[in-house]
Amino acid sequence: MIFTTERLQLRPWRESDAESCFQYAKDPQVGPIAGWPVHTSVEDSRNIIRNVLAVPETYAVCRKEDSQAIGSIGLLMKEQSNIEIEEDECEIGYWLGVPFWGNGYIPEAVDCMLQYAFTTLQCKKVWCGYFEGNEKSKRVQEKCGFRYHHTSEQVEWKLMNDIRTEHITCLTKEEYIKGNHIWKQLYRMARGVQNDRKVSGYVEAGCVGAAILASSGKIYTGVCVDTCSTLGICAERNAIFNMLTNGDDRIEKVLAVLPDGRTGAPCGACRELMVQLMPNTYADVEIMVDYETQRIMTLGELTPEWWI
């Protein structure tokens, strides 16, 4: 499986990634503080890719422009985690090459993995952790909505043959859906499908991207299609039709990104569709009117007097 975000591609590791993996994993600032020893050679990296990284739900973090592996992110299920977790929970782990620190790449990748964990894998909780002194990992977890759960002291860490203190954090599915980080994910996914292009002499597509959160927790996207007649469609309705095609029929949140990166309210036709789709509960649908100021309005506020 391959995931894409606004700036990144998350894909399975390949043995051909050994050189780029070694380039970043040989740095002593990366592995030891995360709990694993520095890589000693390209062949060492190749063996680690083959035996550790090339497992289900572990992905190379790559920038879209070159698809070169610059880090790693993965989900560990019950039997793989050193934390005592349940069958419907998982742990997330990550690392990134030093030259790419400070760009927000790992929070962007974590948000993508959280959406996958909670919606596709249907996890109830996602756990994470950081060793004492790893302030960068701590800030990532705070930024992505994880909350402190407990501290384990005197942990015998065999990979590094030392004793450590580990701080454990957690994010529940309910917290994820209700928290502001879901708006960040919606924005990134809507931005990610934007691709303004001329399809033919009569059709243009992609200048507006939309993402909607369904009541199932899944996120659906769509882009606008503009034609020289009335056959076009708004990005919001395209996303709704995508949702309906995949079996969901209840909307929780809506966000549409305009060509300049701002967000705006749906047009009358999109509001009418949502009202007709959810005539008894449409008033509670949340819409991001202004992402910069985090101004949110409900569909009930935007459509106070339904004509029916």
So, Glu166 and Arg164, do they make that salt bridge, N to O below 4.0 Å?
no

Nearest-0.5 Å distance, OG of residue Ser137 to OH of residue Tyr94
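Nearest 0.5 Å value for the OG-OH distance: 3.0 Å.
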
Roughly how far, to the nearest 0.5 Å, is CG of Leu302 from CE of Met297?
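Reported value, rounded in 0.5 Å steps: 4.5 Å.
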
Residues in ring-ring contact (aromatic ring centres under 6.0 Å, His included) with Trp13, at least two apart?
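Trp13: no ring-ring contact (aromatic ring centres under 6.0 Å, His included) contacts found.
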
Partner residues of Tyr130 under the ring-ring contact (aromatic ring centres under 6.0 Å, His included) criterion, sequence neighbours left out
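ring-ring contact (aromatic ring centres under 6.0 Å, His included) list for Tyr130, sorted by chain: His167.
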
Check whether any side-chain heavy atom of [X] sits under 4.5 Å from a side-chain heavy atom of [Y], and report yes or no.
X      : Y      : result
Cys144 : Ile106 : no
Trp101 : Leu96  : yes
Ser216 : Thr119 : no
Glu175 : Phe146 : no

Which pairs count as side chain to side chain donor-acceptor pair (under 3.5 Å) when at least one residue sits in residues 227-245, sequence neighbours excluded?
Asn242-Asn246

Can you tell me how the ring of Phe100 sits relative to the ring of Tyr105, calling it parallel under 30°, perpendicular over 60° and tilted otherwise?
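Because their plane-to-plane angle lies in the 30° to 60° range, the rings of Phe100 and Tyr105 count as tilted.
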
Following the transitive rule for hydrophobic clusters with a side-chain heavy-atom cut-off under 4.5 Å over Ile, Leu, Val, Met, Phe, Trp and Tyr, establish whether Leu186 and Ile287 coincide in one cluster.
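No; Ile287 is not reachable from Leu186 via cluster members.
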
Output every pair passing salt bridge (Lys or Arg N to Asp or Glu O under 4.0 Å) with a member in residues 113-130, not counting sequence neighbours, ordered by first then second residue.
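Matches after skipping sequence neighbours: Asp88-Lys124.
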
Listing request: all salt bridge (Lys or Arg N to Asp or Glu O under 4.0 Å) pairs with a residue in residues 99-118, at least two apart in sequence or in separate chains.
Arg7-Glu108, Asp111-Arg188

Verify side chain to side chain donor-acceptor pair (under 3.5 Å) between Thr169 and Gln141, making sure each step is shown before the conclusion.
CA-CA 8 Å; Thr169 63; Gln141 291 166 47; 2.7 Å; yes

Under 3.5 Å, is there a donor on one side chain and an acceptor on the other for Tyr202 and Glu204?
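On atom types as modelled, these side chains do not qualify, holding no pair under 3.5 Å.
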
What I want to check is whether the side chains of Glu91 and Ser81 have a donor and an acceptor closer together than 3.5 Å.
yes

Smallest separation among heavy atoms of Cys207 and Cys224, with atom names
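For Cys207 versus Cys224, the nearest heavy atoms are SG-SG, 3.4 Å.
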
What one should report as the nearest heavy-atom pair of Pro259 and Arg191 is O-NH1, 4.0 Å

Output, in order, the C-alpha distance, side-chain angles, deciding distance and verdict of side chain to side chain donor-acceptor pair (under 3.5 Å) for Glu19 and Gln23.
CA-CA 6 Å; Glu19 288 191 13; Gln23 180 180 353; over 6 Å; no

The side-chain contact (heavy atoms from CB on, under 4.5 Å) partners of Asn47 (sequence neighbours excluded) come to Glu43, Arg50, Asn51

